[in-house]
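Each chain gets a letter, A, B and so on, in the order the sequences are listed, and its residues count up from 1. Given the structure is predicted, the values throughout are model-derived calculations rather than measurements.
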Amino acid sequence: MKAPFSPYLEALAPGMKALTEILGRSFDYVSVLSTDSVGFSVSISQRSKNVSGKNMTTERGNVVRVAKNGQYSEYAFNEVPSSIEDLAEEITRELQKQFDLMALTGTKAYETGILDDEALELFVEKETERLPEEEDMKALVENLTALSDRGMEIIPRALDCMLRTSSTHISKMFISKNRFLRQSYVYTEGNCASYAPSDAGEIKFAYEGVSGCCGPEVLSGLSEVLERIPKTMEEVLGSEKIVPGEYEIITDPGISGLIAHEAFGHGVEMDMFVKKRALGAEYIGKRVGSDLCTMHEGALCDESVAAYVFDDEGTLAGDVIEIDHGILRTGICDALSALRLGTKPTGNGKRESFSHKAYTRMTNTIFDSGESTLDEMVASVKHGYLLKSTESGMEDPKHWGIQCIVARGYEIKDGAFTGKVVSPVVMTGYVPDLLGGISMASVDRKVDGNGACGKGHKEWVKVADGGPYLKTKARLG
Amino acid sequence: MLRLIQEKIKALGCDTWELTENTTRGWEFYFIRHELDQNRITDIKTYGVTLYRALPEGLLGSASGEISPGATDKEIEKTLSDIYFQASLVKNPEYRLNDKPVVSPELGEVDTAAISKDFITAMAEVKETATEDINSYEIFVKEMTRHYLNSNGVEYTVRYPSSMIEVVVNARSEGHEIELYRMYRSGTCDKDRLQSDIEKVLQYAKDRLVTEPTPKLETFDVLFSTEDSVNIYEYFADKMSSDMIYMRLSDWETGKEIVENVTGDRITMKAVSSLPNSSSDYPIDDEGAAITDRVLIENGVAKNIWGHRRFCQYLGAGDSSIVHNFVFEGGKKTEAEVRTGDYLEVVEFSDFQVDPMGGDIAGEIRLGYLHQNGEVRIVSGGSVTGQMAEAVPTMEFSKETVQYNNFVIPRVTRLKNLKITGIA
């Protein structure tokens with residue numbers, strides 16, 4: 001079935017078109033992004049159960065972007081008065097107060113030209129099997145409760161077994177003088193997490209999830225995920241601390257994705273080029289990785305949680321090859337940054353919600369596959385670790401430092417697993433060394449869309465990342 | 001709108017509910033260098049609803065949702081009906097909503113324009129040099145208003161300022177440029193504090209240019225003297241929360257020592273109802289309970305828990321409140337005394353983390369001062385790792401304290417024998 005576009009936004013469209021027309025009399029550029037996204041979040045554990053119609057992407061509201069004399073301004077609101085003329089007047093009046101403050105403080109504008117507004121009309125309703133607003137919540141709660149109960153039976157020492165799910169039916173509408181874009185789609189994610197005390201009394205976690213640009217039907221995969229948790233828990237409960245040092249590593253698709261995300265995801269967000277905050281700007285056309293390193297970024301790359309049709313600035317989604325066989329080709333760009341840099345936007349202008357500013361943001365960030373098998377890769381390791389399961393990551397686009405906290409490392413000696421597991425593992429290094437050291441990549445690859453990404457320490461958006469198993473070298477601690 | 005929602009809740013036959021109207025009016029300014037990249041205004045209102053229903057066997061169902069101010073009557077009825085049905089699916093042990101009346105504090109206006117002006121002028125006046133300067137900054141000033149009411153007749157409104165500024169600074173030398181990042185949260189703009197801290201960061205940036213690789217130190221004492229220290233103290237706050245204790249993510253018990261065999265400083269932590277210039281300075285929590293000053297940990301012994309009333313009641317801790325402002329007492333030694341002997345003072349991490357559940361400590365070193373054998377070396381690279389359960393018994397912290405937004409903590413904290421992965 002199609003994910004139907006919001007009737008609320010359909011009804012709102014004439015008013016927002018009128019608003020752009022009225023504001024267009026005073027401003028050089030006007031656009032409106034309107035959103036109406038409904039969904040749910042359900043979490044079930046032995047100790048606590050929660051059901052809500054709210055999650056990180058449910059929202060209803062509007063943001064107006066205007067430009068005058070090279071200065072871009074925005075006004076975000078979610079109460080639409082009956083008189084659009086009054087609304088236009090209020091927006092103009094309130095923004096004028098900020099312009100007055102700019103004058104009072106002697107603040108100069110970062111002058112920017114007028115955004116491209118090539119005529120475009122688009123209406124896309126993506127396919128989904130089910131809609132979150134029509135989901136049988138009774139069945140979902142019962143299924144998750146049964147899974148939590150099953151988890152307590154099979155997971156060693158489990159203090160609890162939590163199943164967390166969310167699903168959102170997103171509808172977005174972009175209107176400018178020449179553009180009228182509408183899209184609707186559904187994304188869903190769910191995960192199973194359990195925790196248990198180690199012999200030393202430390203709380204250890206085992207975690208795995210499912211996700212996709214689809215309806216709640218994907219949550220049926222949680223039962224399969226749950227069956228893998230006991231083995232993971234046994235491994236972390238028996239884990240040791242790693243002896244710090246430099247090792248050969250094989251990253252599983254999740255950690256490959258984390259590296260892609262932190263290394264040349266954030267590293268080539270081109271709003272950072274405008275601020276001269278990214279070393280990547282100086283390396284376009286230069287080698288940053290081995291020949292085995294090819295990386296894509298874009299909402300069109302995968303049908304994941306980040307697979308939209310147009311971004312939050314009305315630019316069509318893309319598929320950019322950032323790194324081609326080790327050579328940095330380009331970055332990703334929001335519309336305003338593209339204008340400032342004299343390049344084309346790539347469909348990566350995203351907002352945390354309608355009330356937040358648009359920045360250059362990642363969507364799907366994915367390494368291409370290689371030709372090796374995982375067995376061949378393991379057999380080639382003298383002493384190192386297979387790294388699995390992301391805890392967190394942090395980039396440094398200015399110096400290409402990288403910090404990834406990985407849940408588990410599986411020791412490999414002389415081409416075979418020793419059975420020793422280390423946890424957690426802090427992987428640090430210099431990005432070109434890490435990518436330059438990629439000597440093998442597996443044929444298979446996987447994309448994961450559980451979790452969210454911040455810009456600095458704020459502006460959380462959904463992203464997905466992944467790739468094949470990769471073999472390289474890194475410092476582990 | 002609030003009254004309309006109340007009427008529709010009543011029409012559903014629901015007699016236990018909570019309703020919150022949140023209004024946020026924000027002014028935002030985004031600068032590249034000192035030129036304005038973008039200015040923004042936000043004017044957002046939402047209505048949060050939680051409906052409860054008694055279930056067999058002493059269980060209580062609840063579910064929540066949000067209603068947009070533009071919702072039609074039909075949409076409101078559908079949302080409330082869905083929530084009320086979902087409440088029947090959620091089977092939790094029974095607990096009581098707050099029924100003690102609270103008095104709304106006097107509602108002052110938050111002058112977002114004046115606070116914005118303070119931030120803009122403060123940043124314009126920061127002392128920069130030809131080689132150390134400000135790359136970019138983002139200013140967020142909000143007037144937050146929360147109007148809460150529940151089916152027990154508890155009703156209040158609080159209004160408070162909440163600000164945040166994100167600052168990136170650069171330093172350069174002979175074609176090499178580096179950057180450092182800071183995020184400051186507060187109620188309004190503390191101009192002097194902000195300027196002096198950014199000027200200190202500019203000095204750090206200058207030092208970042210001349211670092212040498214962190215040597216292999218195996219284990220070493222690490223000194224924390226920046227806002228990263230808050231991560232250490234949040235660990236104690238989290239461990240004393242009813243949510244963590246009820247979920248078995250913390251095994252700390254009131255009346256017992258939080259850790260045994262303490263030879264260093266002992267933690268004393270208080271929850272306070274008001275902390276001037278905190279971004280969460282309001283006296284009533286999100287569940288309608290008055291926030292009172294209380295000792296949570298005293299000389300290393302757990303005294304009181306805090307958190308959502310549901311979990312507090314489950315744990316037999318009676319009525320408590322959600323706490324946003326924490327004050328830690330200083331230790332036995334002065335800052336100068338804590339700063340003796342060999343230690344690594346890390347002032348910049350990529351992302352310093354203390355896992356509140358497992359207690360793992362981790363962070364990549366971007367800038368550190370290695371005090372060893374009477375010399376100070378400026379280092380970068382490698383990482384710090386450790387475990388709070390092992391570090392707390394011997395940790396030392398200064399008598400002197402400092403406020404970082406909603407936390408007052410010792411000015412310097414020394415964690416002993418952490419693992420240092422060097423790169424030299």
Side-chain angles (χ1 to χ4, degrees), chain A residues 45 47-54 58 60-61 71-80 94-95 97-98 101-102 104-105 107-110 137-138 141 159-160 195 200-205 244-245 274-277 355 357 392 394 396 398-399 401 403 405 424 426 428 456-458 475 477, chain B residues 27-28 30 32 34-46 63-66 68-70 79 82-83 86 89-92 113 116-117 120-121 124 135-136 166 168 177-179 181 183 246-249 350-351 353 357-360 362-364 366 382-383 385 387 389 419 421 423:
Chain A
S45 78
R47 306 288 277 177
S48 183
K49 298 167 179 60
N50 293 286
V51 174
S52 177
K54 193 170 179 284
T58 52
R60 177 182 280 185
Q71 175 65 50
Y72 278 81
S73 311
E74 290 190 340
Y75 187 95
F77 60 100
N78 66 347
E79 282 188 283
V80 183
E94 291 301 310
L95 288 176
K97 290 178 186 171
Q98 291 195 328
L101 180 59
M102 285 172 62
L104 182 69
T105 53
T107 301
K108 286 183 185 165
Y110 187 95
M137 298 301 277
K138 185 170 185 287
V141 169
L159 292 172
D160 208 335
Y195 48 94
E202 293 171 20
I203 300 287
K204 297 285 185 183
F205 271 82
V274 175
K275 295 176 180 176
K276 297 185 169 49
R277 287 189 61 195
S355 66
K357 181 180 181 284
S392 70
M394 182 54 73
D396 183 3
K398 193 79 183 173
H399 315 106
Q403 169 185 311
I405 301 183
V426 181
T428 56
H457 293 270
K458 58 183 181 63
R475 266 194 315 280
Chain B
W27 273 31
E28 301 170 6
Y30 300 77
I32 299 174
H34 291 289
E35 291 184 354
L36 190 64
D37 161 16
Q38 202 172 121
N39 56 300
R40 304 184 79 249
I41 290 174
T42 58
D43 185 0
I44 313 294
K45 185 167 281 185
T46 57
S64 59
E66 194 169 85
S68 160
T79 302
D82 285 350
I83 295 172
Q86 288 160 8
L89 310 173
V90 179
K91 294 165 185 171
N92 285 312
S116 299
K117 179 171 173 274
I120 291 169
T121 54
N135 173 283
S136 52
E166 182 192 65
V168 176
E177 187 173 89
I178 64 92
E179 77 167 36
Y181 173 98
M183 182 189 276
Y246 183 72
M247 295 301 290
R248 299 178 178 168
L249 289 164
S350 294
D351 183 20
Q353 296 189 9
M357 292 168 275
D360 289 315
E364 185 198 24
R366 283 197 184 164
S383 61
T385 53
Q387 236 299 327
K419 269 189 192 170
T421 307
I423 56 174

Asker: What residue in B/Gly65, B/Gly358, B/Ser350, B/Ala63 has the most heavy-atom pairs under 4.5 Å with chain A?
Answerer: B/Ser350
Asker: Check whether any side-chain heavy atom of B/Leu36 lies under 4.5 Å from a side-chain heavy atom of A/Tyr110, and answer yes or no.
Answerer: no
Asker: Quick one, A/Asp160 and B/Arg248 - any side-chain contact, counting heavy atoms below 4.5 Å?
Answerer: no
Asker: Which bit of B/Asp360 is near chain A, if near means a heavy-atom gap under 4.5 Å: side chain, backbone, both or neither?
Answerer: side chain
Asker: Is it the case that the side chains of B/Ser64 and A/Ser52 hold a donor-acceptor pair, with the cut-off being a distance below 3.5 Å and no angle test?
Answerer: yes
Asker: Which bit of A/Thr105 comes within less than 4.5 Å of chain B, counting heavy atoms only: side chain, backbone, both or neither?
Answerer: side chain
Asker: side-chain contact (heavy atoms from CB on, under 4.5 Å), that's the test. Do B/Thr421 and A/Val426 meet it? Break it down for me.
Answerer: CA-CA 10 Å; B/Thr421 307; A/Val426 181; over 6 Å; no
Asker: So what's closer than 4.5 Å to chain A heavy atoms on B/Lys419: side chain, backbone, both or neither?
Answerer: side chain
Asker: Please look at B/Ala389 and chain A and tell me whether the side chain, the backbone, both or neither of the residue comes under 4.5 angstrom of a heavy atom of that chain.
Answerer: neither
Asker: So, is the end of the B/Arg40 side chain (NZ or CZ) under 6.0 Å from the ring centre of A/Tyr75 and within 45° of the ring's axis?
Answerer: no
Asker: Counting only heavy atoms closer than 4.5 Å, note whether B/Tyr181 contacts chain A via side chain, backbone, both or neither.
Answerer: side chain
Asker: Which heavy atom in A/Thr428 sits nearest to a heavy atom in B/Glu364, and how many Å separate them?
Answerer: CG2-CG, 3.6 Å
Asker: Should B/Glu28 and A/Lys357 count as an ion pair when the cut-off is N to O under 4.0 Å?
Answerer: no
Asker: Measure A/Thr58 against the heavy atoms of chain B and call it side chain, backbone, both or neither at under 4.5 Å.
Answerer: neither
Asker: Please classify the contact between A/Leu101 and chain B as side chain, backbone, both or neither, with a heavy-atom cut-off of under 4.5 Å.
Answerer: side chain
Asker: Counting heavy-atom pairs under 4.5 Å to chain B, which of A/Gln98, A/Met394, A/Glu79, A/Glu202 comes out on top?
Answerer: A/Gln98
Asker: Shorter than 4.5 Å, heavy atoms on both sides: which option in B/Gln387, B/Glu166, B/Gln38 has the most such pairs with chain A?
Answerer: B/Gln38
Asker: What residue in B/Val90, B/Leu249, B/Asp82 has the most heavy-atom pairs under 4.5 Å with chain A?
Answerer: B/Leu249
Asker: Atom OH in B/Tyr30, atom CD in A/Glu74: separation rounded to 0.5 Å?
Answerer: 8.0 Å
Asker: Looking at B/Leu89, B/Asp43, B/Ile41, which makes the most heavy-atom pairs under 4.5 Å with chain A?
Answerer: B/Ile41
Asker: For A/Ser392, check side-chain contact (heavy atoms from CB on, under 4.5 Å) against everything at least two apart and list the hits.
Answerer: A/Ile405, B/Gln353
Asker: So for A/Val141, is it side chain, backbone, both, or neither that comes closer than 4.5 Å to the heavy atoms of chain B?
Answerer: side chain
Asker: In the structure I gave you, are the side-chain heavy atoms of B/Asn135 and A/Arg277 within less than 4.5 Å of one another anywhere?
Answerer: yes
Asker: What part of A/Gln71 is in contact with chain B, defined as an atom under 4.5 angstrom from a non-hydrogen atom: side chain, backbone, both or neither?
Answerer: side chain
Asker: Would you call A/Lys108 and B/Glu35 a salt bridge, using N to O less than 4.0 angstrom?
Answerer: no
Asker: Assess whether side-chain contact (heavy atoms from CB on, under 4.5 Å) is satisfied between A/Lys458 and B/Met183, documenting all intermediate values.
Answerer: CA-CA 10 Å; A/Lys458 58 183 181 63; B/Met183 182 189 276; 3.8 Å; yes
Asker: Where does A/Leu104 contact chain B at under 4.5 Å (heavy atoms): side chain, backbone, both or neither?
Answerer: side chain
Asker: Minimum heavy-atom separation for A/Ala76 and B/Ile44, please, with both atom names.
Answerer: O-CD1, 3.8 Å
Asker: May I ask you to name which of A/Lys54, A/Arg60, A/Lys204 has the most heavy-atom pairs under 4.5 Å with chain B?
Answerer: A/Arg60
Asker: Is chain A contacted by the side chain of B/Ile120, its backbone, both, or neither, given a heavy-atom distance below 4.5 Å?
Answerer: side chain
Asker: Which bit of A/Ser48 comes within less than 4.5 Å of chain B, counting heavy atoms only: side chain, backbone, both or neither?
Answerer: both
Asker: Run the side-chain contact (heavy atoms from CB on, under 4.5 Å) test against B/Lys91 and tell me which residues pass, sequence neighbours left out.
Answerer: B/Leu55, B/Leu59
Asker: If you count heavy-atom pairs under 4.5 Å with chain A, which of B/Thr121, B/Val168, B/Thr385 comes out on top?
Answerer: B/Val168
Asker: Where does B/Asn39 contact chain A at under 4.5 Å (heavy atoms): side chain, backbone, both or neither?
Answerer: both
Asker: Checking A/Asn50 against chain B: side chain, backbone, both or neither under 4.5 Å from a heavy atom?
Answerer: both
Asker: Looking at A/Gly53, A/Gly477, A/Pro244, A/Ser73, which has the largest count of heavy-atom pairs under 4.5 Å with chain B?
Answerer: A/Ser73
Asker: Under 4.5 Å heavy-atom distance to chain A, tell me which part of B/Glu177 shows up: side chain, backbone, both or neither.
Answerer: both
Asker: Check each atom of A/Tyr195 against the heavy atoms of chain B and say whether the ones under 4.5 Å are side chain, backbone, both or neither.
Answerer: side chain
Asker: Which bit of B/Ser136 is near chain A, if near means a heavy-atom gap under 4.5 Å: side chain, backbone, both or neither?
Answerer: side chain
Asker: Identify which of B/Gln86, B/Lys45, B/Lys117 forms the greatest number of heavy-atom pairs closer than 4.5 Å to chain A.
Answerer: B/Lys45
Asker: Spell out, as yes or no, whether a donor-acceptor pair under 3.5 Å connects the side chain of A/Gln403 to the backbone of B/Asp351.
Answerer: yes
